[in-house]
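Along the sequence shown, the residues carry numbers beginning at 1.
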Amino acid sequence: MVVGLDIGTNCIRVVIGAEDDTGTFRIVGTASEKSLGLRNGNIVNIEAAATVIKKAIENAEQNGGVDVSSCCTAIGGDQIEGLNTRGKVAVSPKGKSQSEIDQSDIERVRESATAVKLALDRDILHVITQDYIVDNIPDIKDPIHRLGVCLEASVHIITASKTTLQNIRGCVNRAGYFLDGVMLKTLAATHAVVTQEEMDLGSIVIDLGAGTTDILVLEKGAPVCTASIPVGGNMVTSDIAYMLGIPQLEAEKIKISDGCCWDECVNPNAEIILTSVGGQAPRVITQADLYEVITPRVEEIFTMVVNKIMEKTKIVQLNGNIILTGGGANMNGIVQLVQNVFGSQAVRVGFPERFGGIEEDYAGPEWATAVGLVKFFKDNVVKTPKKQRKMVKNSDNNSNSDKSGIFTKVKKAFRSLF
């Protein structure tokens with residue numbers, strides 16, 4: 001059984017996957033709860049966030065008829081940084097002829113590539129190999145058993161704030177669960193919504209969250225750029241609330257139900273009733289009025305995304321798709337707007353792969369991260385002794401529940417993903 005936990009600014013989502021009696025892996029339980037204790041993707045109140053995490057997992061347990069002891073989760077936002085580096089090692093001793101490349105050479109060249117100086121507050125989350133070079137021959141995906149003198153590797157290193165990782169672990173432990181591992185949010189979504197062909201051709205995954213918009217650029221089957229901008233759907237909600245003079249809660253509601261960001265998708269006859277505030281009579285606006293408020297902000301967000309990608313990469317053209325995930329991908333007209341901003345027709349919404357069960361419960365792009373976590377970890381999660389997991393779940397003193405160092409071992413096991 002694998003449990004994917006997506007800790008979002010506005011919503012915490014849980015997906016549980018397990019094998020049935022026939023050995024087929026299925027999604028058996030899902031749950032979604034309104035977030036507490038988070039701001040712009042960062043945990044600001046561990047106790048409040050842990051309470052919601054516990055409630056969400058318990059609801060998913062009830063829906064799936066299973067007992068959960070551990071979960072895996074994702075991280076995103078401005079606490080994530082990515083950099084590209086290269087390592088180089090000799091395969092053959094000096095003066096000797098070519099030697100066959102084996103796994104020890106792979107490990108040595110990856111160690112060489114990751115020998116970079118990091119700030120004291122950073123921790124390596126993933127080390128993803130982009131390609132290998134053997135004796136100046138590039139674009140080799142698997143150099144094992146090749147003959148060569150020199151082996152080079154290009155890797156993408158993703159680092160995270162140590163404090164943020166500790167806060168995530170503290171929340172999950174305080175909720176009473178063991179943390180199997182932490183994965184980059186957009187990388188998890190990639191496993192749920194991006195095809196291998198799209199990865200090979202070069203694609204962009206954009207996660208439209210409430211507090212942040214996260215970006216992952218893929219080329220030749222591997223990430224080449226990881227980035228985030230500190231604005232998301234909540235900024236659109238704030239604009240609606242301010243411009244229309246209504247509470248945030250109502251602004252969020254009409255954004256979801258009637259929001260539109262492309263003129264051809266606007267219904268000119270659609271009317272929206274705004275509830276009264278302070279004893280005033282209800283007001284009526286049109287969907288076109290709402291469109292005029294929403295569109296400038298959404299355009300600004302995607303313009304910032306384009307500028308961030310141009311700042312961090314030298315890629316001129318990608319032949320795959322721009323894939324939109326997260327709750328913001330549900331907005332009417334979002335595909336057309338992104339096509340206009342990027343100047344490309346190759347834009348689609350990323351719907352998660354289906355694993356059976358009640359598929360409509362996790363069909364939307366807002367479930368991409370949670371489903372992607374389950375898909376990846378079902379084959380790669382490191383099993384923790386049941387006795388130790390039970391100790392974590394039943395502990396009344398969660399601050400001491402992870403002293404064994406198992407989290408560190410699990411974390412290292414997931415640093416290499418590709």
* Between R26 and E359, is there a side-chain N and carboxylate O pair less than 4.0 Å apart? -> no
* Side-chain donor-acceptor contact under 3.5 Å, E252 with T237 -> yes
* Asked: Under 3.5 Å, is there a donor-acceptor pair between the Q196 and D200 side chains?
  -> yes
* For E353 against Y362, the heavy-atom pair lying closest together -> O-CE1, 3.7 Å
* **Criterion side chain to side chain donor-acceptor pair (under 3.5 Å) on Q317 and N319, from CA distance to verdict** => CA-CA 7 Å; Q317 181 179 359; N319 295 318; 3.2 Å; yes
* **Donor on one side chain, acceptor on other, N10 and S35, under 3.5 Å** => no
* Over-ring placement of K375 relative to F355, 6.0 Å and 45° cut-offs -> no
* Asked: Between G333 and C265, which heavy-atom pair has the shortest distance, and what is it?
  -> CA-SG, 3.8 Å
* Regarding D207 and T325, is there a side-chain donor-to-acceptor distance under 3.5 Å anywhere? -> yes
* Structure fact -> Nearest heavy-atom approach of V335 to V347 is CG1-O, 3.7 Å
* **Donor-acceptor side-chain pairing of R13 and T30 below 3.5 angstrom** => no
* Can T129 and R110 be said to form a side chain to side chain donor-acceptor pair (under 3.5 Å), step by step? -> CA-CA 8 Å; T129 303; R110 285 172 59 86; 2.4 Å; yes
* Structure fact -> For S228 and D214, the nearest pair of non-hydrogen atoms, with its separation, is OG-OD1, 2.7 Å
* **Closest non-hydrogen atom pair, A31 against A56** => CB-O, 3.2 Å
* To the nearest 0.5 Å, what is the distance between OG1 (T190) and NZ (K185)? -> 12.0 Å
* To do: Would you mind listing every side chain to side chain donor-acceptor pair (under 3.5 Å) that reaches into residues 326-347, with sequence neighbours excluded?
  => N330-E366
* Go through the side-chain N and O atoms of Q287 and D289 and say whether any donor and acceptor fall under 3.5 Å apart. => no
* Asked: With V44, which residues qualify under side chain to side chain contact (heavy atoms under 4.5 Å, CB included), at least two apart?
  -> R39
* If you count the non-hydrogen atoms of other residues, nucleotides and ligands that lie under 6.0 Å from CD1 in I358, is the total more than 12? -> no
* In plain terms, say whether K253 and E250 are close enough for a salt bridge, that is, a side-chain N and a carboxylate O under 4.0 Å apart. => no
* Is atom CD of E197 surrounded by more than 12 heavy atoms (other residues, nucleotides or ligands) closer than 6.0 Å? -> no
* Inspect the surroundings of NZ in K162 and state if more than 12 heavy atoms from other residues, nucleotides or ligands are less than 6.0 Å away. => yes
* Asked: Do the side chain of D105 and the main chain of D102 share a donor and acceptor less than 3.5 angstrom apart?
  -> yes
* Residue K141 excluded, over 12 heavy atoms near NZ under 6.0 Å -> yes
* How close do K312 and A227 get, heavy atom to heavy atom, and via which atoms? -> CD-CB, 3.7 Å
* Taking side chain as C-beta onward, heavy atoms only, is L318 less than 4.5 Å from V217? -> yes
